[in-house]
Amino acid sequence: MQPSKSNTAHRAIALVDVNNFYVSCERVFNPKLRNKPVVVLSNNDGCAVARSNEVKALGVPMGAPWFKFKDLAKQHGIIAYSSNYALYADMSNRVMSILRQFSPDQEVYSIDESFLDLTSFQRRDLVKYGQLIRSSVLKGTGLPVCVGIASTKTLAKLANHCAKKRPEYNSVCNFNSMSDSQLDQLLSEIDIGEIWGVGRKRAPKLKQLGFNTVLDLKRANPEILRQNFSVVMEKTIRELNGIVCIELEEVTPDKQQILSSRSFGTPVTDIHGLSESISLYVSRAAEKLRRQQSYAGSLYVYIRTSPFRDKDPQYSNGMTIKLPSPTDSTPKLVSIALWGLKQIYHPGYNYAKAGIMLGELVPASGIQTDLFSTMQPNPKSERLMKAMDLINRKMGKESIKMASEGFKHPWKMKQENKSPCYTTNWDELLKVD
DNA sequence: ATCACGGTTTGCA
DNA sequence: CTAACGTGCAAACCGTGAT
């Protein structure tokens, strides 16, 4: 007889997550930042989106508006970086391809997280295997990761949480190697808000009903909780009990919508500035659209003032435009978006943000070609789009663009302290001192 | 009642 | 100097009008 193992572990799912990802990327290329308090700010240097442990210890919350913490930052010498997405994306790709070598079944869940199915490796010691993953990523990229292993994705997330928060696990935590009572003891020490799918809204509601720890929810009746919440809650409870309800998604499905929006560095009042920004966002979104070989059936444009400038008159509006036939052509999409902008624009406001969304996406292969339509896919325009995408890929972003995107962009987002693109741009690398 | 829809809310990284 | 608060997705949810 085997010693009683609760999780008659049919499956072994690992969640590998880079610690403080953006901050760790900056540290790889600037070792002086080690052991110092470092934050990385969101676009426009608006919020703190990545914090080193030192910064967390100083009490800066995730997503904190940075202007509220500038004094604290000065006091403690916190080093603040603007986000450098080109660098992070490249580092992410390196991490993901190393992880892929440890399992044929990988789901890239986000820029810094990957699920790996390790079920077929269970004859090995998975904690050792986790340590091997960890040292390989560290050696290959310089980035520190934590590994959580369990029988479902929801539990693997929690195991990863333990790997991070509890030094005794040495960055690798395997729930499957624990006994029932050991695991339940551990789950009883974790707050319900740490559970994947339980967030800002649901945690308080659950606590009101008397569920405070992960163990409380694990023991809850899934049917009854489903009435009070949703099918998601039911799945969460079953997953906490080791029943797989959320499968590994190895092939990333095509996007159903593509969104591009930015807040402005300085407010924009006239329609020209708005038009330029909208043109730029449509171009970015259309590139993504073509990369996944889809056509858009509708386009949504919106503009709004800043709700935080509460003394300013507020205005927010958007409109959805159904396209006469699905398209992936930048100039067509731009002219439609600009037409829409004209409809919703009102002078006299300080606009803080604009954006567009491409919706009703369909695969290019299955496009409805109406013989009598005047908007048939046009070979000339297709060749032009292909050429533009190729040039922009080879020569760098925005080598060629639509004239309507403009050039000066006084509204462009604020980025006061961006690090060089160490891995993707030779010119910037040469500037490093 | 039930459905399809569109807009809104929620959660997540 | 001052004022200053992200982005991009999916899915659930909810009100509404049509049937």
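Throughout, a chain's letter reflects where its sequence line sits, starting with A, and its residues are numbered from 1.
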With the side chain of [X] defined as its heavy atoms from C-beta on, choose the nearest nucleotide among [options].
X	options	answer
A:Trp196	B:dA13, C:dC5, B:dT10	B:dA13
A:Lys353	C:dC5, B:dC12, C:dT7	C:dT7
A:Tyr109	B:dC12, C:dG8, C:dA12	B:dC12
A:Lys414	C:dA3, C:dG6, B:dG7	C:dA3
A:Lys201	B:dG11, C:dC5, C:dA11	B:dG11
A:Ile258	C:dA12, C:dC9, C:dT7	C:dC9
A:Arg262	C:dA12, C:dG6, C:dG8	C:dG8
A:Ser110	C:dT7, C:dC5, B:dA13	B:dA13
A:Gln257	C:dA4, C:dC9, C:dA10	C:dA10

For [X] and [N], what is the distance between atoms [atom1] and [atom2] respectively, to the nearest whole Å?
X	N	atom1	atom2	value
A:Tyr300	B:dT8	OH	C1'	11 Å
A:Gln415	C:dA4	CD	C1'	16 Å
A:Lys68	C:dT2	NZ	C1'	17 Å
A:Arg51	C:dG6	CZ	C1'	15 Å
A:Asn43	C:dA4	CG	C1'	15 Å
A:Leu259	B:dT8	CG	C1'	15 Å
A:Phe264	C:dA3	CZ	C1'	17 Å
A:Ile195	B:dT10	CD1	C1'	16 Å

Looking only at atom types and distance, does a side-chain atom of [X] sit under 3.5 Å from a main-chain N or O of [Y], one as donor and one as acceptor?
X	Y	value
A:Ser82	A:Asn417	yes
A:Glu107	A:Glu249	yes
A:Gln314	A:Arg309	yes
A:Asp328	A:Gln293	no

Residue-phosphate contact under 4.0 Å: [X] side-chain N/O, [N] OP1/OP2:
X	N	value
A:Arg309	C:dC5	no
A:Ser263	C:dG6	yes
A:Ser230	C:dC13	yes
A:Lys157	B:dA13	yes
A:Arg202	B:dG11	yes
A:Ser306	C:dA4	no

Need the pair for B:dT9. Rule: Watson-Crick or G-U wobble, both distances under 3.5 Å, any strand; none if unpaired. C:dA11
In the structure shown, which nucleotide is the Watson-Crick or G-U wobble counterpart of C:dC5, with both distances under 3.5 Å? none
Between the side chains of A:Lys322 and A:Glu360, is the shortest nitrogen-to-carboxylate-oxygen separation below 4.0 Å, so that they form an ion pair? yes
With a 4.0 Å cut-off on N to O distance, would you call A:Glu239 and A:Lys235 a salt bridge? no
Comparing A:Lys288 with A:Asn44, nearest DNA chain C nucleotide closer to 5' gives the residue A:Asn44
Pick the closest DNA chain C nucleotide for A:Phe308 and for A:Val231 by heavy atoms, then say which residue is nearer the 5' end. A:Phe308
Between A:Tyr351 and A:Phe264, is the ring centre distance below 6.0 Å? no
If you look at every strand shown and take non-hydrogen atoms under 4.0 Å, does [X] touch a base, only sugar-phosphate, or nothing?
X	value
A:Ser260	sugar-phosphate
A:Leu358	nothing
A:Gly355	nothing
A:Phe229	sugar-phosphate
A:Asp112	sugar-phosphate

